[in-house]
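Following: one structure in structure tokens, then a few remarks.
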Amino acid sequence: MALTIGIVGLPNVGKSTLFNAITNAQNAEAANFPFCTIEPNVGIVSIPDDRLQQLAGISGSTKILPATIEFNDIAGLVKGASKGEGLGNKFLTHIRETSAIAHVVRCFEDENIIHVEGRINPIEDIEIINTELVLADLEMAEKMLNNQRKRAKSQSPDEKALLAILEKLVPHLGEGNPIRQMDLNEDEQQTLKGVHFLTSKKSIYVCNVAEDEAAEGNTHTKTVQDYAAQFGDECIIVSAKIEEELSGLTEEESAEFLEELGLKESGLGRLAKSCFKLLALHTYLTTGPKETRAWTIPEGAKAPQAAGVIHTDFEAGFIRANIVKFTDFITCKGLLGAKEKGLLNQEGKDYVMQDGDVVEFLFNN
């Protein structure tokens, strides 16, 4: 399944610097003035996973294919974007179909880098962006409501159900509240599933700090962490400058550099883990001479669903899954070794996949 993250933030918070670094791309111009990103930038990033190299070594794999995240970076928003200030909110359409939103927040002091509001206050910055997202959703919801009142005259249960939700949703947004803070039951959530409201998406706050604060954070990051915790959102601390430096280093050099800074892993690694946690995702693994690969699935997915991520035919013709736990696969030096020691399990349609399962699917063509 595709994991896509929309990156938002005020101008000059380090958003495009971070995007450039984690995607190892230089197509999102980073400059010390607002609105330097005037087209959406898209970058696909491999998620660091040490397990893949170990599996590939045992299987003699020609290729290693990690799971990926697609990042969509849009122009910096400013207060009043919904009313046309700055570049307006026209670029928000580019992130409506993303899985979640990463909100980059400035948590560093630097008099040489202009802050569009003339001060450093991450919570106010967050609330400016959140307000613009709410207003963009309100405009969309009001248009939908007008159309839905006509459509619901057909007496279709589905059309009437959507109308009922929109009639609750418009006043909720009108009070400045994001949709994800509404108390929607399972049926209502299902009805809204195909509607791409920005504020229904889960959020992760990315606190951009100075290099010497990347390990411990600062008072600004603490306030953001507390704010995120109130609403069940994720929060991580990253130094865009460090990520920029890491993007030009080899794997070995990166490891040494991170150790010197007191960091266990890169910001990208922590961002990936936070995105997976936020969206309740994990990975299973396949390996063989041709390739070793990580596949992204929702937590709770059963074996046939997991097989369907590879190909729909695998799900339709699912017979069983031969599964070895990652640690057993490594200890036993492969599938055959695990089978000989009774550590290969044959699982059926009701098996709930676990993170790190090494899998071989059997299916009917």
Side-chain angles (χ1 to χ4, degrees), residues 1-3 44-69 250-256 258-259 263-266 268-365:
M1 59 183 294
L3 173 57
I44 297 176
V45 178
S46 297
I47 300 171
D49 191 337
D50 294 337
R51 299 173 299 186
L52 298 177
Q53 197 70 46
Q54 295 178 64
L55 291 177
I58 291 171
S59 301
S61 304
T62 304
K63 290 191 296 184
I64 295 177
L65 299 171
T68 60
I69 300 178
T250 65
E251 192 173 328
E252 191 175 302
E253 290 169 337
S254 294
E256 288 177 8
L258 289 170
E259 189 176 349
L263 297 170
K264 292 181 180 178
E265 62 182 328
S266 69
L268 171 59
R270 283 177 283 119
L271 180 57
K273 286 179 181 176
S274 292
C275 289
F276 269 55
K277 181 180 175 184
L278 187 71
L279 297 168
L281 301 172
H282 59 187
T283 53
Y284 72 86
L285 312 164
T286 56
T287 187
K290 185 179 177 183
E291 66 179 37
T292 290
R293 186 164 183 166
W295 303 87
T296 304
I297 55 171
E299 291 179 5
K302 293 185 177 180
Q305 291 173 268
V309 173
I310 299 176
H311 198 287
T312 51
D313 289 350
F314 282 29
E315 182 172 6
F318 178 87
I319 299 173
R320 70 172 187 270
N322 292 333
I323 293 179
V324 178
K325 298 304 176 189
F326 170 76
T327 51
D328 292 337
F329 189 99
I330 299 301
T331 303
C332 300
K333 304 295 183 185
L335 206 67
L336 288 177
K339 186 176 182 180
E340 287 170 2
K341 293 189 177 182
L343 296 173
L344 183 148
N345 297 312
Q346 295 185 340
E347 303 290 356
K349 293 183 177 181
D350 291 330
Y351 176 74
V352 177
M353 300 291 293
Q354 302 299 308
D355 184 66
D357 279 349
V358 182
V359 189
E360 178 185 69
F361 290 111
L362 280 76
F363 66 99
N364 286 316
N365 290 319

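Residues take their numbers from the sequence shown, with the count starting at 1. Keep in mind it's a predicted model, so treat the numbers as computed, not measured.
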Next item on the list: Just do the side-chain contact (heavy atoms from CB on, under 4.5 Å) check on K325 and Q354 with the steps written out, would you?
Entry: CA-CA 9 Å; K325 298 304 176 189; Q354 302 299 308; 3.7 Å; yes
Next item on the list: Starting from the C-alpha separation in whole Å, work towards a yes-or-no answer on side chain to side chain donor-acceptor pair (under 3.5 Å) for T283 and W295.
Entry: CA-CA 5 Å; T283 53; W295 303 87; over 6 Å; no
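Among pairs with a residue in residues 52-65, those fulfilling side chain to side chain donor-acceptor pair (under 3.5 Å) read S59-T287, S61-T292, at least two apart in sequence or across chains.
Judged by distance alone, with hydrogens and angles left aside, the side-chain atoms of E315 form no donor-acceptor pair with the main-chain N or O of T312 at under 3.5 Å. Panel note: side chain Q346, backbone L344; no donor-acceptor pair is recorded below 3.5 Å. One N or O on the side chain of Q305 and one on the backbone of K302 form a donor-acceptor pair closer than 3.5 Å.
A salt bridge between E259 and K264 is absent, with no side-chain N of the basic residue lying under 4.0 Å from a carboxylate O of the acidic one. One finds no salt bridge joining K273 and D49 here, because no Lys/Arg side-chain nitrogen approaches an Asp/Glu carboxylate oxygen to under 4.0 Å.
I64 and P66 get closest at one heavy-atom pair: O-CD, 3.6 Å.
A distance of 6.0 Å or more separates the ring centres of F363 and F318. For an aromatic pair to be called close, the ring centres must be under 6.0 Å apart, and Y284 with F326 fails this.
Atoms CG and OG, from L263 and S254 in turn, are 12.0 Å apart once rounded to the nearest 0.5 Å. One distance of note links CD of E291 with OG1 of T286; it measures 6.0 Å at 0.5 Å rounding. Taken to the nearest 0.5 Å, the CD atom of E265 stands 9.0 Å off from the CG atom of D50. Atom CG of residue L271 and atom CD1 of residue I69 lie 6.0 Å apart, to the nearest 0.5 angstrom. To the nearest 0.5 Å, atoms CG (D357) and CD1 (I297) are separated by 8.0 Å.
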